[in-house]
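Beneath this line is the structure, given in structure tokens, with notes to follow.
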Amino acid sequence: MRVLVLGGDGYLGWPTALHLSDKGHEVAVLDNFARRQYDVELGAESLVPIEDLSTRTDAWHEVSGKRIARYEGDLLDAEFLFGAVRDFRPSAIVHFAEQRSAPYSMIDREHAVYTQHNNVVGNLNLLYAIAEIDPDIHLVKLGTMGEYGTPNIDIEEGWLEVEHNGRRDRMLYPKKPGSFYHLSKVHDSHNIEFACRIWDLRATDLNQGVVYGQQTPQTALDPRLATRFDYDAVFGTVLNRFVIQAVLGQPLTVYGKGGQTRGLIDIRDTVECIRLAVENPAGRGEFRVFNQMTESMSVREIAELVADRFPGPVQIENLDNPRVEQPEHYYNVKHTGLVGLGLKPHLLSDTLIESMFDIVGANKHRVNDERLRPTVRWRGAVETS
Ligand code: NAD
Ligand code: USQ
């Protein structure tokens, strides 16, 4: 199949492009390099050195004999986006290309507006491009488990059967997200469902949990194929950060008591889930939702696991939670859709954690210690009574 990967220079987009190319698909990547600019703005960079996109695609050609085409530009530029879709003629578009950090979206008004404008308008331009150029294109969109928040009932895969005053209907599952970033994904989901309903588009919304890990079989083939690995308090995700903090001899920064539970997924499963979704498209008019996570753990459990596996002393520190989130809650997520398509999950293992310790050990001189502690507070940028 011909697959266009939007956000193909990012943490997940790049390894996904390699995985799809390796499995025989014709792949192109599109990116505006916004993520590299946030590094400059925040004074942090990927723990593992990464090459620029043209070096990456050339290296992949050298290593595998396969070509990945490149489109460099912004989803907000509709003319550019329509041109890329017309030129490449994909049968599927995988959409990773959004600002994806919750803390970044909560820095202040400008960052909240930037995040929602970038994400919601980029996605809307994409829906128009698909509808006008080829409504048969399957949109595979990265959503997030955080769209649901932490409701006190089971989390279903996107839809909920509701009985109210004696009548029944199938409704989009109610959302209670925890940041302006997570909210942007809710807005995207609603826009995509609407486009499927009115224009007969086909879409899969993948509500993905927190990703951990840095290597896939393809990125490990050559250092020039490495994907980014974020450690800072704005872009680093929880398990990756705890592994890095352990190796640096820094305390693991558990926010609050760590009773918040989240869905997790290994980066190798992320790329495989995308392949499965692409190769098994939704039907015309269908808005299909999968919960793309493989296990749930509380933040406290994640910290204890990392501390237990690290071959040295580790301190766990409970910081005042800079976010506003439920400290303890019910969490039971249905996630059978992707397993039904053939996913064989990698559950969090000692070997994976040990290999992450090695990757961090080899690059720890690149860490800017000042970027490790959280500075963005959910109630920090507004006057609250
Ligand atoms: P990332 O920031 O590393 O990659 C996103 C890429 O999109 C970047 O390379 C960026 O430059 C590009 N981009 C952003 N806005 C763009 C625009 N307007 N036009 C063109 N390119 C643009 O993020 P990631 O961690 O790879 O996440 C990818 C997707 O997966 C995001 O949508 C994110 O919300 C979702 N997701 C990530 C995680 C995780 O733990 N990393 C978990 C769940 C969902
Ligand atoms: N946390 C800590 N200590 C830290 C970092 C995080 O206790 O040093 C806690 C947070 O308070 C939160 C949990 O760990 O309760 C997860 O935080 P995170 O930063 O790892 O993840 P999150 O902000 O939710 O965002 C990440 C990605 C985002 C994706 C989301 C999936 O950045 O793109 O959408 O994971 S989910 O959480 O399922 O919505």
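Treat the numbers as computed from the prediction; the structure is a model and nothing was measured. Computation of the quantities below employed the complete heavy-atom set of this structure, encompassing side-chain atoms and omitting hydrogens, waters and symmetry-equivalent molecules. Each residue takes its place number in the sequence, starting with 1.
Under the ring-ring contact (aromatic ring centres under 6.0 Å, His included) criterion, the residue pairs touching residues 229-279 are Tyr38-Phe235, Tyr104-Phe235, with sequence neighbours excluded. Evaluation of the ring-ring contact (aromatic ring centres under 6.0 Å, His included) test over residues 120-139, restricted to residues two or more places apart or in two chains, returns Tyr128-Trp199.
A salt bridge links Glu62 with Arg224; the closest basic N to acidic carboxylate O contact falls under 4.0 Å. With respect to the salt-bridge test (charged N to carboxylate O, under 4.0 angstrom), the residues Arg89 and Glu26 do not qualify. Between Lys334 and Glu156, at least one side-chain N (NZ, or NE/NH1/NH2) sits under 4.0 Å from a carboxylate O, which counts as a salt bridge. Under a 4.0 Å N-O distance rule, the pair Asp52/Arg56 does not qualify as a salt bridge. Residues Glu193 and Arg197 are paired through a salt bridge, judged by an N-O separation under 4.0 Å between the basic side chain and the carboxylate. With respect to Arg373 and Glu317, a salt bridge is recorded, a charged nitrogen being found less than 4.0 Å from a carboxylate O.
When hydrophobic clusters are built by joining Ile, Leu, Val, Met, Phe, Trp and Tyr residues whose side-chain heavy atoms come closer than 4.5 Å, directly or via intermediates, Val271 is not grouped with Met356. Under a hydrophobic clustering in which Ile, Leu, Val, Met, Phe, Trp and Tyr are joined whenever their side-chain heavy atoms come within less than 4.5 Å, directly or via other members, Ile359 and Val238 fall into the same cluster. Under the 4.5 Å side-chain heavy-atom criterion for Ile, Leu, Val, Met, Phe, Trp and Tyr, Leu47 and Leu252 are members of the same hydrophobic cluster. Both Ile153 and Met145 belong to a single network of hydrophobic side chains, linked directly or stepwise wherever heavy atoms of I, L, V, M, F, W or Y lie under 4.5 Å apart.
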- [ ] Kindly indicate, with the supporting measurements, whether the criterion salt bridge (Lys or Arg N to Asp or Glu O under 4.0 Å) is fulfilled by Asp230 and Arg100.
- [x] CA-CA 12 Å; Asp230 296 307; Arg100 69 98 170 137; 3.5 Å; yes
- [ ] Under the salt bridge (Lys or Arg N to Asp or Glu O under 4.0 Å) rule, what do Glu98 and Lys185 come out as? Steps first, then yes or no, please.
- [x] CA-CA 9 Å; Glu98 299 202 329; Lys185 296 284 191 183; 3.0 Å; yes
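Although no hydrogens or angles enter the test, the distance criterion places a donor-acceptor pair under 3.5 Å between the side chain of Glu157 and the main chain of Thr336. Listed for the Gln260 side chain is no donor-acceptor partner under 3.5 Å among the backbone atoms of Glu328. A donor-acceptor pair under 3.5 Å is absent between the side-chain atoms of His19 and the main chain of Ser21, judged by distance alone.
Among Asp9, Val29, Leu30, the single residue meeting the side chain to side chain contact (heavy atoms under 4.5 Å, CB included) criterion with Arg70 is Val29.
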Distance-only donor-acceptor pairs under 3.5 Å for side chains of residues 303-310, two or more places apart:
residue	atom	partner	partner atom	Å
Arg309	NE	Asp350	OD1	2.4
Arg309	NE	Asp350	OD2	3.4
Arg309	NH2	Asp350	OD1	3.3

Would you be so kind as to tabulate the donor-acceptor pairs closer than 3.5 Å made by side chains of residues 278-290, with sequence neighbours excluded?
residue	atom	partner	partner atom	Å
Glu279	OE1	Arg275	NH1	2.6
Glu279	OE2	His25	NE2	2.7
Glu279	OE2	Arg275	NH1	3.4
Asn280	ND2	Leu276	O	2.8
Arg284	NE	Asp200	O	2.7
Arg284	NH1	Asp136	OD1	3.2
Arg284	NH2	Asp200	O	3.4
Glu286	OE1	Gly283	N	2.8
Arg288	NE	Thr204	OG1	3.1
Arg288	NH1	Asn280	O	2.8
Arg288	NH2	Thr204	OG1	2.9
Arg288	NH2	Asn280	O	2.7

Could you pull out every donor-acceptor pair under 3.5 Å between side chains of residues 168-175 and any protein atom, sequence neighbours left out?
residue	atom	partner	partner atom	Å
Arg168	NH1	Glu163	OE1	3.0
Tyr173	OH	Asp154	O	2.8
Lys175	NZ	Glu147	OE1	3.1

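In this structure, the side chain to side chain donor-acceptor pair (under 3.5 Å) partners of Ser184, at least two apart in sequence or on a different chain, are Asn119.
The number of heavy atoms from other shown groups lying within 6.0 Å of CG (Asp320) does not exceed 12.
Asp31 and Gly10 make their closest contact through OD2-N, 3.9 Å (heavy atoms, listed as atom of the first residue, atom of the second, distance).
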